[in-house]
Amino acid sequence: PTADIGLTGLAVMGRNLARNIARHGHTIAVHNRSTEKMTSLLEDHGDEGDFVGSESMADFVASIKQPRAVIIMVKAGEATDAVIDELTPLLDEGDIVVDAGNAHFEDTLRRQQALEERGLHFVGMGVSGGEEGALNGPSIMVGGSEHAYETLGPIVEDIAALVDGTPCATHVGPDGAGHFVKMVHNGIEYADMQLIAEAYDVLRNILGREPAELADVFREWNEGDLDSFLIEMTADVLAHTDAATGRPFVDVVADAAEQKGTGRWTVQSALDLGVPVTGIAEATFARSVSGHVEQREAARAVFSQTSDTPGVEDEEQFVEDVRAALYAAKVVAYAQGFDQITEGSNQHGWDVSPGDLATIWRGGCIIRAKFLDRIREAYEAEPDLTTLMTQEYFSKALRDGEAGWRRVVVAATQAGIPVPAFASSLSYFDALRRDRLPAALIQGLRDNFGAHTYGRVDREGSFHTLWAGDRSEVDA
Ligand code: NBP
């Protein structure tokens, strides 16, 4: 055997990850269920490094040095289990199986236990950055044992994106930790994209500016605090003209957003963990709403668009308000995502360091942004931060943006432009800082109809009012 590492599953992601590994001087064994993907990789890119191609899984395994590290990069779900079933009987004790697909972290927990019983190490590795990232440097979130990371870490850190000389790869924690944080990363990505889309919608429809003009606004924003891959790409997409029609590209694309499911998983997990990720949830539901074409058609037929677009006296101020709203709502969405990571880590005993994630998300991944440096600094200064929102830098951003944020939500609401993420983030901010919440009334109702009991503001304990009796209060 000559290969330092193996990779099976050579669709867009696996092919590019294999090339990235080879380009960094590691000899890599490559395999794919259907042989053409393997042979075409060797034909097209065999000169980029040392590849060892195999048609059969047995030859593939035999070509890797022991203890072996084998990366699986196939469609998440049943395909991954099928590959694990075919691969593992061929491995020896101490070998490392790496699932680099977008697995659900609970599948990773299950697979980890099953493989551990057979003396194999299992690593759930989250890879972000899409096709381009896989080739030129992704952000890599590794879950699994310390031992497995000792073997895998050097290669992974070698192929990851670099920011200020620091690789965008880290050992996040044991078993499902890597796939869990990759899932939340994608959830945050949903929220970020929804907020950008709302900012665009408000600017376009209230100011009546064309996409190409708005591209300039986003380009300008990219020079400041909002500097990020997604904002840069927004300018790129808005500036693009459809060749067939000569219309703005964004006007010829069907307005039904799709999803592969990681946003949904993030929200499902947040519900289980009891963490309010309102920004991610609204973003996920907004995609769902966009896809409900029949309901949208039915509603459009009944409720005409009575647009009461507010006049804007100071356009520059309004643009600045939208920028402030976008930034403030982004702070909230990221704070919520990091809350989910902290809670997931606590409940699963993973000991995840949020600051490390902010560090490795600065490059390679879709949510890469200047902003993540601020998050890294916040956790560096205070590792047990209760919420990012109260940390000095972010609390200032929220305070500075608050007035504009409110004006934008009011203007959008008046104009009938949906801003679920802007508005729900603002409500979350208001709920957190509010002295008293109407949850007190909800507790009263619950006690009345179901004797669910309540606490009091003036005494410890749990109480019940005899609603159907003399309405006296008893200790519960
Ligand atoms: P796909 O998700 O499209 O999967 C295609 C690969 O899975 C092919 O190699 C295919 O083999 C293999 N495969 C399937 Br399908 N069923 C199989 C089975 N029963 N046994 C063996 N192999 C099987 O590829 P991708 O888009 O490159 O993504 C790979 C992984 O990376 C996924 O888990 C994805 O969620 C994750 N990911 C993707 C991105 C992205 O931007 N695309 C980003 C981050 C993570 P075949 O060639 O023989 O059909």
Side-chain angles (χ1 to χ4, degrees), residues 6-21 28-45 53-61 70-90 97-108 111 122-143 156 159-161 168-169 176 178-190 193 229-230 233 258-266 360-361 363-368:
L7 193 154
T8 180
L10 300 170
V12 283
M13 288 295 287
R15 179 183 176 95
N16 280 357
L17 203 65
R19 289 172 62 196
N20 185 353
I21 294 170
I28 182 160
V30 286
H31 168 266
N32 192 69
R33 176 179 62 176
S34 45
T35 305
E36 316 86 77
K37 286 200 179 72
M38 184 275 290
T39 47
S40 80
L41 168 62
L42 298 193
E43 272 164 29
D44 299 344
H45 305 288
S54 296
E55 289 190 15
S56 77
M57 189 67 99
D59 289 346
F60 167 67
V61 169
V70 184
I71 300 175
I72 301 171
M73 194 46 142
V74 299
K75 201 171 159 69
E78 285 170 16
T80 306
D81 282 317
V83 174
I84 290 175
D85 288 347
E86 192 187 349
L87 171 72
T88 50
L90 303 166
V97 178
V98 183
D99 175 15
N102 264 340
H104 192 289
F105 73 95
E106 284 174 355
D107 284 338
T108 303
R111 290 170 183 146
F122 187 71
V123 168
M125 184 165 100
V127 179
S128 177
E131 214 177 316
E132 199 272 340
L135 181 62
N136 296 316
S139 177
I140 308 179
M141 296 144 255
V142 182
V156 161
I159 63 164
C168 294
H179 277 139
F180 178 83
V181 299
K182 171 62 174 33
M183 174 189 78
V184 179
H185 163 284
N186 285 27
I188 292 174
E189 177 187 312
Y190 273 49
M193 285 166 66
F229 175 62
L230 282 171
M233 196 181 265
E258 296 177 1
Q259 53 174 315
K260 282 192 171 170
T262 39
R264 187 179 71 238
W265 290 350
T266 311
I360 65 160
W361 289 346
C365 66
I366 306 298
I367 64 170
R368 61 183 180 261

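Start at 1 and go down the list; that is how both ligands and their atoms are numbered.
- With a 4.0 Å heavy-atom cut-off, ligand 1 is reached by no atom of T80.
- From the protein, the heavy atom lying nearest to atom 5 (C) of ligand 1 is A11 CB, 3.6 Å.
- Distance check for atom 3 (O) of ligand 1: every protein heavy atom is found at 4.0 Å or beyond.
- Not one N or O of V127 is nearer than 3.5 Å to an N or O of ligand 1, by distance alone.
- Considering backbone and side-chain N/O of V74, one or more are found under 3.5 Å from N/O of ligand 1.
- For atom 28 (O) of ligand 1, the closest non-hydrogen atom on the protein side is M13 CG, 3.7 Å.
- Residue, atom and distance of the protein heavy atom nearest to atom 37 (N) of ligand 1 are N102 ND2, 3.8 Å.
- Rounding to the nearest 0.5 Å places CE of M73 at 12.5 Å from CG of N32.
- No more than 12 heavy atoms of other residues, nucleotides or ligands shown are found within 6.0 angstrom of CD on E55.
- Of the options D81, N16, T262, N32, the smallest heavy-atom separation from atom 11 (O) of ligand 1 is shown by N32.
- At the top of the distance list for atom 16 (N) of ligand 1, counting protein heavy atoms only, stands A79 CB, 3.3 Å.
- In terms of heavy-atom proximity, A18 sits nearest to L41 at CB-CD2, 4.3 Å.
- Between W361 and M141 there is a side-chain heavy-atom pair separated by less than 4.5 Å.
- With atom 17 (C) of ligand 1 as the reference point, the heavy atom nearest to it among K260, M38, M57, R33 is part of R33.
- Residue contacts with ligand 1, taken as heavy atom pairs separated by less than 4.0 Å, involve K37 solely via side-chain atoms from C-beta onward.
- Looking at atom 48 (O) of ligand 1, its nearest protein heavy atom turns out to be S34 OG, 2.7 Å.
- For ligand 1, the polar-atom distance check finds no N/O of K182 at less than 3.5 Å from any of the ligand's N/O atoms.
- Separation of atoms CD1 (I367) and NE2 (H185) is listed at 4.0 Å; rounding is to 0.5 Å.
- There is no side-chain donor-acceptor pair under 3.5 Å between S128 and R368.
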Could you walk me through whether D107 and H179 pass the side-chain contact (heavy atoms from CB on, under 4.5 Å) test, one step at a time?
CA-CA 9 Å; D107 284 338; H179 277 139; over 6 Å; no
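- Side-chain atoms of I84 and F122, non-hydrogen and from C-beta on, do get closer than 4.5 Å to each other.
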